[in-house]
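Take a look at the structure below.
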Amino acid sequence: MYTILLALHSGFRWFVLTSILFTLFNAYKGWWFHKKYTAFDNYTRHATATLAHIQLALGISLYFISPVIDYFIKNFREAIHQRELRFFGLEHSSMMLLAILILTIGSIKAKRKSTDKEKFKTIALWFSLSLFILLTSIPWAFSPLVSRPNFRLF
C-alpha cells in the first residue's frame, strides 16, 4: 500500500504543477491584457484547486503510513538533526500544507471578486506564491539537499 501511494503521490504532482502553470498563464494573460473572465477560466481555477486538494489528501494519507515519518516521530530528538528525516517529517509536509492553503485562499478570493481584472490578478498573485512554495519544497532529483526521482514506478 505504501509503495503504491508513494508512486501516486509522486506522479500526481505533475498534474498539479501543470494545472497551476496553465492557470497562471491564463491569469497573467487575462490580468495584463484585460481579458474577459470566462467560464473556462473559472473551471481552470476550480480544477487546479481540486487537483491540489487531491494531492494533499494523498500526501496526508502517505504521511500516516510512511515508515520514514514513523521513525521521525518515534525518534524525534535524533531525527530532527538528520536533514532527510527532518525534510519529510517536518519541512515538506508543513510547506506543502501552507502552499495548498494559500492556493485555496486565492481560489476563494478570486471567486468572490467582482471584476474580471481583479479575478485574474488575485489568481495570479496567490497561485504564484503557492507555486513558489511548492517548487521549493518538492524533493527534486537535482536537489543537493534531499533528492528523490522525478518519476517513481509502482
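Between atom CZ of residue F88 and atom CD of residue Q82 there is a gap of 13.5 Å, rounded to the nearest 0.5 Å. To the nearest 0.5 angstrom, L24 atom CG is 9.0 Å from I123 atom CD1. A distance of 9.5 Å separates OG1 in T48 from CG in L21, rounded to the nearest 0.5 Å. Taking CD1 of I80 as the start and CG of L85 as the end, the distance is 9.5 Å to the nearest 0.5 Å. Separating the CZ atom in F120 from the NE2 atom in H34 is a distance of 11.5 Å, to the nearest 0.5 Å. Of the inter-residue distances, the one linking K117 atom NZ with F33 atom CZ reads 12.0 Å to the nearest 0.5 angstrom.
A donor-acceptor pair is defined here as one N or O able to donate and one able to accept, closer than 3.5 Å; no such pair exists between the side chain of S143 and the backbone of P139. Checked by atom type and distance alone, the side chain of T23 pairs as donor or acceptor with a backbone atom of S19 at under 3.5 Å. No donor-acceptor pair closer than 3.5 Å links the side chain of S10 to the backbone N or O of L6. In terms of modelled atom types and a separation under 3.5 Å, the side chain of T122 and the main chain of G106 share no donor-acceptor contact. S137 places no side-chain N or O within 3.5 Å of a backbone atom of L134 that could act as its donor or acceptor partner. Within the 3.5 Å criterion, the main-chain N or O of G89 finds a donor-acceptor partner in the side chain of Y63.
Of all heavy-atom pairs spanning L103 and A49, the tightest one is CD2-CA, 3.6 Å. Closest non-hydrogen pair, I138 versus R13, comes out as CG2-NH1, 2.8 Å. Scanning both residues, D41 and T44, for their nearest heavy atoms gives O-OG1, 2.9 Å. Closest approach of S107 to F127, counting heavy atoms only: N-CE1, 3.8 Å. Pairing each heavy atom of S66 with each of Y2, the nearest pair is CA-CE1, 3.5 Å. Nearest approach of A52 to I100, heavy atoms of both residues: CB-CD1, 3.6 Å.
V68 and F76 fall within a single hydrophobic cluster, where Ile, Leu, Val, Met, Phe, Trp and Tyr side chains are chained together by heavy-atom contacts under 4.5 Å. Taken together through direct or relayed side-chain contacts under 4.5 Å among Ile, Leu, Val, Met, Phe, Trp and Tyr, M1 and L58 form part of one hydrophobic cluster. L129 and I105 fall within the same hydrophobic cluster, defined by Ile, Leu, Val, Met, Phe, Trp and Tyr side-chain heavy atoms under 4.5 Å apart, directly or through other members. Criterion: ILVMFWY side-chain heavy atoms under 4.5 Å apart, direct or through other members. Under it, W32 and Y37 are part of a common hydrophobic cluster. Placement of L5 and W14 within a single hydrophobic cluster is found when ILVMFWY residues are connected by side-chain heavy-atom separations under 4.5 Å, directly or transitively.
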**OP:** Begin from the C-alpha positions of V146 and R83 and carry the test side-chain contact (heavy atoms from CB on, under 4.5 Å) through to its verdict.
**Re:** CA-CA 8 Å; V146 177; R83 176 73 183 132; 4.0 Å; yes
**OP:** Under the side-chain contact (heavy atoms from CB on, under 4.5 Å) rule, what do L90 and F72 come out as? Steps first, then yes or no, please.
**Re:** CA-CA 9 Å; L90 189 62; F72 177 78; 4.1 Å; yes
**OP:** Step by step, work out the side-chain contact (heavy atoms from CB on, under 4.5 Å) result for D70 and I65.
**Re:** CA-CA 8 Å; D70 186 51; I65 66 169; over 6 Å; no
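Side-chain atoms of F64 and I69, non-hydrogen and from C-beta on, never get closer than 4.5 Å to each other. Residues L135 and W140 meet the side-chain proximity criterion, which asks for heavy atoms closer than 4.5 Å. Residues K35 and N26 fail the side-chain proximity criterion, which asks for heavy atoms closer than 4.5 Å. Using a 4.5 Å heavy-atom cutoff, the side chains of L51 and I20 are not in contact.
K36 pairs by the salt bridge (charged side-chain N to carboxylate O under 4.0 Å, His left out) definition with nothing, not counting sequence neighbours. For F15, the side-chain contact (heavy atoms from CB on, under 4.5 Å) test picks out F12, with sequence neighbours left out.
Figure legend: R45 and W126 shown without cation-pi pairing, the cationic atom not lying both under 6.0 angstrom from the six-membered ring centre and within 45 degrees of its axis.
In the model, H9 has no side-chain atom that pairs as donor or acceptor with a side-chain atom of S61 under 3.5 Å.
Under 4.0 Å is where a charged nitrogen must lie from a carboxylate oxygen, and between E118 and K109 no such pair does.
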